[in-house]
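Take a look at the structure set out below.
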Amino acid sequence: MSEREVDVVVVGLGPGGEALATRLAQGGLEVVGVDRRLVGGECPYYGCIPSKMMLHAAGLVATARRVDGHAGHATVAPDWSPVHARIRDEATTDWNDQVAVDRLEKAGVTFVRGDARLSGPRRVEVDGTTYVARAGVVLNTGTQPSAPPIDGLAGTPYWTNREAVQAETAPASLVVIGGGAIGAEMAQAFARFGTEVTVLEAGPRILGPEEPEASAALAEVFEAEGITVLTGVSVDRVSHSDDRFTVEVGERTVHAERLLVAAGRRPNLSGLGLETVGLHDDARSVDVDDRMRAGDGLWAIGDITGKGAFTHMSMYQSAIAARDILGEDGPAAAYHAVPHVTFTDPEVGAVGMTEQQAREAGLNVQIGHSDLGASTRGWIAGAQGLVKLIADADRGVLVGATVVGPSGGEVLSMLVTAVHARVPVETLRSMIYAYPTFHRAVEVAVEDLQG
Ligand SMILES: Cc1cc2nc3c(=O)[nH]c(=O)nc-3n(C[C@H](O)[C@H](O)[C@H](O)COP(=O)(O)OP(=O)(O)OC[C@H]3O[C@@H](n4cnc5c(N)ncnc54)[C@H](O)[C@@H]3O)c2cc1C
Ligand SMILES: NC(=O)c1ccc[n+]([C@@H]2O[C@H](COP(=O)([O-])OP(=O)(O)OC[C@H]3O[C@@H](n4cnc5c(N)ncnc54)[C@H](O)[C@@H]3O)[C@@H](O)[C@H]2O)c1
């Protein structure tokens, strides 16, 4: 085993790790970045970007279908090939990260492709070399798709998000196990290309962590688009023969050409050597303080911190860890205004607490609703959606908000500012909302706030 001393080792180069390694190297530190798969992690190759390209294309198909009755007549012939070609050629360069590796190395980072393992404080082993990190080690190992323990599933050629984004054609039929963000986005993308989609969700509703009103609104749209959504179900058995999946769900049997398992993620923590730095090897997440410190000379960022599995969280924490390592001042991590958007149509965007979380926290809760479809802009666009606001009446500020609608994630941005900066509700009441925007539905919801 050879040894090499450096300043920092970044284990896992997801979005946050890649940015962190780059920043530290540009800050003059000697940095080794290790990844066993692709530099950039899940988001650019198998997650956010390809899935949003699928949804963008699906949105164009849906928009074209809305021409009738509004702007003449359009005949739409959806074809998945350009979607696949753009993902393969433009987004992922055929799932090759050479451009990202070059960028990293140009910034001064030493890149090592391999499986990294902690072997003690400030020590990381990769393929027979131990890197000893003078300043410390940053973990950004992310997650991988997890498969629920369903009888028969393991032996079948089911898809996870990683195979789904590589699809060369839209299958004739698709069963999706899991109605979370991945399941919902993929279900709508394929359905709009003609795939007969069935979503099987164990919980009582799709997008379970969202406000119930948001789940119901999306379920209604899915039903109108011909997507079958079965909630509160238990998938008993899966089998595959003659190029077809058979999925047994209680009394029902569903057949499909493809099966997508989108039932949650498993953190890449087991086998990482956490026990060598005093942490539990079987941990579901790594505890961090508000500077992303997980121990002496140890930082963790991204999905594995359990603060929200989003690229923007990985990047946010990356910047905080970088400042801490470089000895720079800056705000500590705060999680009272974490935004997230599910990019279905309508988009479901939310920030901060849900009503249930605010009530469980014992706040003096006020709720405000508005029907985005009834706003002038919503009516013009024939849109469906809603705004739901959660206020803490004692402090006179919003603590949470949900927007469902066209560009729901963009409308959300003003509410992210309000929750983040604790803008007084009185200020939101007295400001001017441009006419006729979708965000005027926020004004109606602010007026509606009541205990
Ligand atoms: C289908 C899909 C759609 C998504 N859409 C969105 C979206 O629209 N918006 C959003 O904000 N988020 C989205 N996400 C979530 C987003 O992809 C993740 O939150 C994001 O990738 C951040 O993850 P991360 O930085 O923790 O690490 P990851 O991206 O998971 O990267 C971790 C890296 O660590 C490497 N690694 C792991 N263990 C080791 C080891 N022992 N040695 C060396 N390397 C190792 C892995 O190979 C990987 O490259 C989506 C996810 C999926 C699956
Ligand atoms: N737009 C975005 O920001 C975006 C998009 C996709 C993913 N993500 C991130 O990735 C994470 C993982 O996404 P995900 O959708 O895989 O996970 P998830 O945890 O959000 O949803 C998984 C769903 O599967 C259900 N489920 C679990 N086991 C089941 C079973 N045996 N049968 C039926 N249903 C079952 C769960 O009840 C849950 O609703 C998300 O939490 C999110 O943070 C973000």
Side-chain angles (χ1 to χ4, degrees), residues 9-20 33-52 54-55 97 100 112-118 124-126 139-150 153 160-162 164-165 176-186 199-210 215 230-236 238 247 249 260-273 300-305 307-315 317-318 338-344 347-349 409:
V9 180
V10 183
V11 177
L13 297 167
E18 184 186 2
L20 179 78
V34 192
D35 204 294
R36 63 187 180 196
R37 289 168 61 92
L38 297 170
V39 172
E42 199 78 3
C43 179
Y45 298 99
Y46 304 106
C48 333
I49 292 176
S51 62
K52 263 79 270 178
M54 291 159 64
L55 286 160
D97 65 351
V112 178
R113 178 122 34 217
D115 204 348
R117 192 178 185 283
L118 293 161
V124 175
E125 279 178 23
V126 192
L139 303 177
N140 175 228
T141 53
T143 62
Q144 57 184 289
S146 66
I150 297 170
L153 177 65
T160 67
N161 62 291
R162 291 179 182 170
V165 301
V176 180
I177 296 181
I182 295 178
E185 290 184 350
M186 297 269 177
V199 178
L200 304 175
E201 168 55 50
R205 54 194 172 88
I206 57 170
L207 298 188
E210 305 297 342
S215 300
L230 303 177
T231 55
V233 297
S234 166
V235 182
D236 300 320
V238 168
V247 183
V249 194
L260 169 63
V261 175
R265 316 276 302 174
R266 185 156 51 93
N268 293 320
L269 292 177
S270 71
L272 189 57
I301 61 171
D303 291 4
I304 55 169
T305 65
K307 304 290 188 192
F310 308 111
T311 289
H312 44 273
M313 181 60 74
S314 186
M315 300 297 289
Q317 294 179 326
S318 167
V338 178
H340 59 272
V341 180
T342 302
F343 291 87
T344 44
E347 291 180 2
V348 178

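Just follow the structure's listing: the first ligand is 1, and inside any ligand the first atom is 1. Counting begins at 1 with the first residue of the sequence.
- For ligand 2, the atoms closer than 4.0 angstrom to any heavy atom of Leu200 are 33 (C), 34 (N).
- For a threshold of 3.5 Å applied to N or O pairs, the pair formed by Arg265 and ligand 2 contains no separation below that value.
- To the nearest 0.5 Å, atoms CZ (Arg266) and CD (Gln144) are separated by 4.0 Å.
- With a 4.0 Å heavy-atom cut-off, ligand 2 is reached by the backbone of Val341 but not by any atom from C-beta on.
- Using a non-hydrogen distance threshold of 4.0 Å, Gln144 does not register as a contact of ligand 1.
- Ligand 2 has Ala262 within reach: a non-hydrogen atom of the residue lies less than 4.0 Å from it.
- For ligand 1, the polar-atom distance check against Ser51 finds no nitrogen or oxygen pair separated by under 3.5 Å.
- When heavy-atom distances to ligand 1 are checked against a 4.0 Å cut-off, Thr143 comes that close only through its backbone atoms N, CA, C and O.
- Counting heavy atoms under 4.0 Å from ligand 2, residue His312 does not touch it at all.
- Among Gly264, Gly349, Ala147, Gly308, the residue whose heavy atom sits closest to atom 18 (P) of ligand 2 is Gly264.
- Heavy-atom contacts of Ala309 reach the following atoms of ligand 2: 9 (C), 42 (C), 43 (O) (cutoff under 4.0 Å).
- Of the candidates Pro339, Ala19, Gly12, the one placing a heavy atom closest to atom 34 (O) of ligand 1 is Gly12.
- Only the side chain of Glu185 comes within contact range of ligand 2, with a heavy atom under 4.0 Å; no backbone atom does.
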